[in-house]
Amino acid sequence: MEQVAAGTISEPLDLVKLSLGERVFIKLRGDRTLTGNLHAYDAHMNLVLSQVEENIHIVDVGEDGTAAPPRIERRGFEMLFIRGDSVILVSPLLE
Amino acid sequence: MLFFSFFKTLTDQVITVELKNDLCITGTLKSVDQFLNIRLDGITVEDPERHPHMMAVKNCFIRGSVVRYVRMGARSVDTTLLEDATRRGEFMVRVLKGLRVD
């Protein structure tokens, strides 16, 4: 396995490892996204986040079948476990 | 294994389990197993009008695979310990696979 420099990314999960304790962006099934501080993960992508903000992206469909502009429902959680089978992607959030 | 141990530390605490069908169940965590199946006692359901069939249910077993989130109080979690355990878990996986350890 080629290393560019010590401590860099060689496996996909290394990116998640480097994000431990940092703020991350998570995309989930069901048009949900989360941002929060990552405290734990495993190979299933089960996660524990704190200071979480969840955005649910909803497109309402009118009676005539046309889509209204998408709206976002927001919720906040202080500590949250996320089951890995809902996770689509995990990305470091650079602020 | 990490999350199994994590949930074991949360036993007898009040947690809210949000299922993939949007049902939210709050109750006292009585036990958990390796599949992250969860047993809750003294449960209440958020928005009981939407889920009237749940009104008579006082305790339940939740299959791990139907869980979306588990919400808990920030005070019941030692985040430093959790991060260390995650790094250690990763380390053990690499050792077992015979991969480079750094």
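Naming: A, B, ... by sequence-line order, numbering from 1 per chain.
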Where does [X] contact chain A at under 4.5 Å (heavy atoms): side chain, backbone, both or neither?
X: B/Phe3; result: side chain
X: B/Leu2; result: side chain
X: B/Thr16; result: neither
X: B/Asp22; result: side chain

Check your understanding: Do we get A/Lys27 above A/Phe25's six-membered ring, with its NZ or CZ under 6.0 Å from the centre and within 45° of the axis?
Key -> no
So for [X], is it side chain, backbone, both, or neither that comes closer than 4.5 Å to the heavy atoms of chain B?
X: A/Ile56; result: neither
X: A/Arg29; result: neither
X: A/Leu38; result: backbone
X: A/Asp85; result: side chain

Review point. Is any side-chain N of the basic residue among A/Glu54 and B/Arg71 closer than 4.0 Å to the acidic one's carboxylate O?
Key: no
Point to revise | Distance-only polar pair, side chains of A/Asn55 and A/Arg74, donor-acceptor under 3.5 Å | key: yes
Practice item. Kindly say whether B/Leu81 contributes a backbone atom to a donor-acceptor pair with the side chain of B/Asp84 at under 3.5 angstrom? Key: no
**Study point:** Close side-chain approach of B/Ile43 to B/Met54, heavy-atom, < 4.5 Å
**Key:** yes
Exercise for review: Measure the shortest side-chain to side-chain distance between B/Leu36 and A/Phe81 over non-hydrogen atoms and say whether it is less than 4.5 angstrom.
Suggested key: yes
